[in-house]
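Here is the structure we will look at.
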Amino acid sequence: MDALSDVLRVVRLNAAVFLDAEFTAPWCVGEPLGVEVCVEQMPRAQHVVIYHMVTEGSVHIAIRDQEPRFAEAGDLIVIPSGEAHALGSDLSLPRAPGERLIVDRGPDEVGQVRHGGGGAVTRLVCGYLACDSSLFNAVLAPLPRIMIVSMREGAGAQWLASSLRFSITESGAQRAGAGTVLAKLSELMFVEAIRRYVESLPPGQTGWLAGLRDRFVGKTLALIHAKPAYTWTVEELASEVGLSRSALGERFTTLIGQPPMQYLTRWRLQLAADLLRSSARSVAAVAAEVGYDSEAAFSRAFKRELGVAPSAWRQQEVASA
């Protein structure tokens with residue numbers, strides 16, 4: 001899981017736009033695309049993940065072309081792709097436009113939704129997590145279109161869920177900073193959900209997350225992420241994890257979708273992009289830090305992967321900030 005933490009740290013997961021939602025049966029609402037909801041508060045978001053934490057009652061949820069799913073109190077619903085979807089006690093009812101039901105509040109406070117026919121109560125904490133496209137491509141794209149993860153068991157999960165409820169209460173009392181607290185808790189909740197999903201993957205599953213759980217590929221990922229600037233070879237990685245060169249190459253490529261050295265190169269360039277964006281270091285210094293002996297070789301690799309030279313990429317990032 002260290003590689004997962006590493007990726008989440010570099011790709012900059014950010015949370016914002018929270019809702020304290022209370023619905024009473026019968027009810028049904030339609031939720032738009034996450035990027036549409038977040039366009040004002042997170043205009044630079046390349047990708048938006050939607051989540052709903054069920055704190056009371058139960059809910060049906062559906063997205064296009066899939067059978068409805070069911071969640072109850074203690075479940076976290078995650079929509080990794082940020083797709084439009086419907087929520088309700090009865091999904092056959094007309095869908096009220098969810099975005100029009102929101103009662104906006106002050107800055108850093110939580111919006112409220114109150115809707116329904118007066119029957120059984122369902123309460124949700126709803127939020128949005130913005131991330132780079134690199135996170136979606138590497139980690140989120142292979143995930144199910146709807147994930148329902150039980151947060152009822154385990155000390156960490158219970159603490160996060162109760163903390164979310166507490167923060168909503170704090171917001172109701174109009175205490176400052178509730179939105180900021182919720183943002184940090186939501187990032188933790190998302191990471192916990194991903195960890196639980198990895199642990200539940202069936203045998204034979206492929207993808208970056210499945211690779212984390214594999215005895216040999218997971219250790220290879222850990223080695224690469226622990227020392228990305230080191231001059232790794234497939235032979236040395238294979239020796240470290242206890243496989244032959246060919247066996248590791250085949251196993252890694254099957255699970256991750258690319259050979260170990262290609263993965264290492266792309267990860268170095270992702271780290272370099274983060275350094276260019278977050279620091280004033282020269283291109284030469286960044287190149288050396290991520291394992292390149294030559295600034296020219298680094299610039300060629302960076303342009304091949306990201307489409308522009310490192311200095312031009314940095315200028316674009318500064319201009320759009």
Side-chain angles (χ1 to χ4, degrees), residues 1-13 46-47 49 63 65-66 78-83 131-149 190-274 290-292 297 300-302 304-307:
M1 294 298 178
D2 290 342
L4 175 61
S5 299
D6 207 22
V7 169
L8 293 177
R9 174 185 60 80
V10 171
V11 297
R12 300 180 183 273
L13 185 69
Q46 298 174 353
H47 186 85
V49 179
I63 57 177
D65 302 330
Q66 282 199 349
V78 182
I79 304 176
S81 62
E83 290 184 74
C131 65
D132 298 346
S133 294
S134 55
L135 174 62
F136 180 76
N137 294 333
V139 180
L140 304 182
L143 293 174
R145 292 166 70 190
I146 296 179
M147 292 171 56
I148 298 178
V149 182
F190 176 75
V191 174
E192 179 67 19
I194 295 296
R195 291 174 63 190
R196 288 172 177 243
Y197 174 77
V198 171
E199 291 165 358
S200 69
L201 283 173
Q205 189 80 19
T206 60
W208 192 86
L209 290 170
L212 287 180
R213 199 181 61 173
D214 182 84
R215 173 186 173 188
F216 300 103
V217 174
K219 187 174 180 180
T220 303
L221 288 169
L223 290 167
I224 288 173
H225 281 260
K227 297 169 64 177
Y230 182 73
T231 54
W232 290 111
T233 64
V234 179
E235 289 83 358
E236 189 169 4
L237 287 169
S239 175
E240 289 283 345
V241 304
L243 282 179
S244 68
R245 179 185 185 280
S246 59
L248 176 62
E250 181 179 355
R251 195 180 191 101
F252 194 98
T253 303
T254 298
L255 282 171
I256 305 300
Q258 56 189 300
M261 292 299 97
Q262 184 178 344
Y263 179 87
L264 172 60
T265 296
R266 288 183 169 177
W267 178 241
R268 284 175 171 173
L269 295 174
Q270 185 65 53
L271 290 173
D274 183 60
V290 300
Y292 282 84
R300 287 194 297 271
F302 193 96
R304 187 166 54 246
E305 182 69 18
L306 282 83

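Note that these values count all heavy atoms, side chains included, but never hydrogens, waters or copies made by symmetry.
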- Message: Can you pull out every salt bridge (Lys or Arg N to Asp or Glu O under 4.0 Å) where at least one residue sits in residues 256-268? Sequence neighbours excluded, please.
- Response: Arg266-Glu305
- Please identify each residue that fulfils salt bridge (charged side-chain N to carboxylate O under 4.0 Å, His left out) with Glu250, with sequence neighbours left out. none
- Tyr292: what forms a ring pair (Phe, Tyr, Trp, His ring centres under 6.0 Å) with it, not counting sequence neighbours? Phe298
- Query: Taking only residues two or more places apart in sequence or in another chain, which ones pass side chain to side chain contact (heavy atoms under 4.5 Å, CB included) with Ala247?
  - Reply: Leu243, Ser244
- Message: Just so I know, are the side chains of Leu221 and Ile256 near enough to count as touching, which here means a heavy-atom distance under 4.5 Å?
- Response: yes
- Residues in salt bridge (charged side-chain N to carboxylate O under 4.0 Å, His left out) contact with Arg145, at least two apart in sequence or another chain: Glu83
- Query: Which salt bridge (Lys or Arg N to Asp or Glu O under 4.0 Å) pairs, counting each pair once, include a residue from residues 231-241, with sequence neighbours left out?
  - Reply: Glu235-Arg245
Using atom types as modelled, flag every donor-acceptor pair under 3.5 Å from a side chain in residues 200-207 to any protein atom, sequence neighbours excluded.
residue: Ser200; atom: OG; partner: Arg196; partner atom: O; Å: 3.4
residue: Ser200; atom: OG; partner: Tyr197; partner atom: O; Å: 2.9

- Note on the structure: One should read off an interatomic distance between Leu264 CG and Leu223 CG, to the nearest 0.5 angstrom, of 11.0 Å
- Message: Tell me if a side-chain donor or acceptor on His47 pairs with a main-chain N or O of Gly82 at a distance below 3.5 Å.
- Response: no
- Nearest-0.5 Å distance that lies between atom CD1 in Ile224 and atom CZ in Phe252: 4.5 Å
- CG (Asp214) and OG1 (Thr220) are apart, to the nearest 0.5 Å, by 8.5 Å
- Message: For Leu248 versus Val234, what's the shortest heavy-atom pair and its separation?
- Response: CD2-O, 4.2 Å
- Query: Quick one: salt bridge (charged side-chain N to carboxylate O under 4.0 Å, His left out) partners of Arg213, sequence neighbours excluded?
  - Reply: none
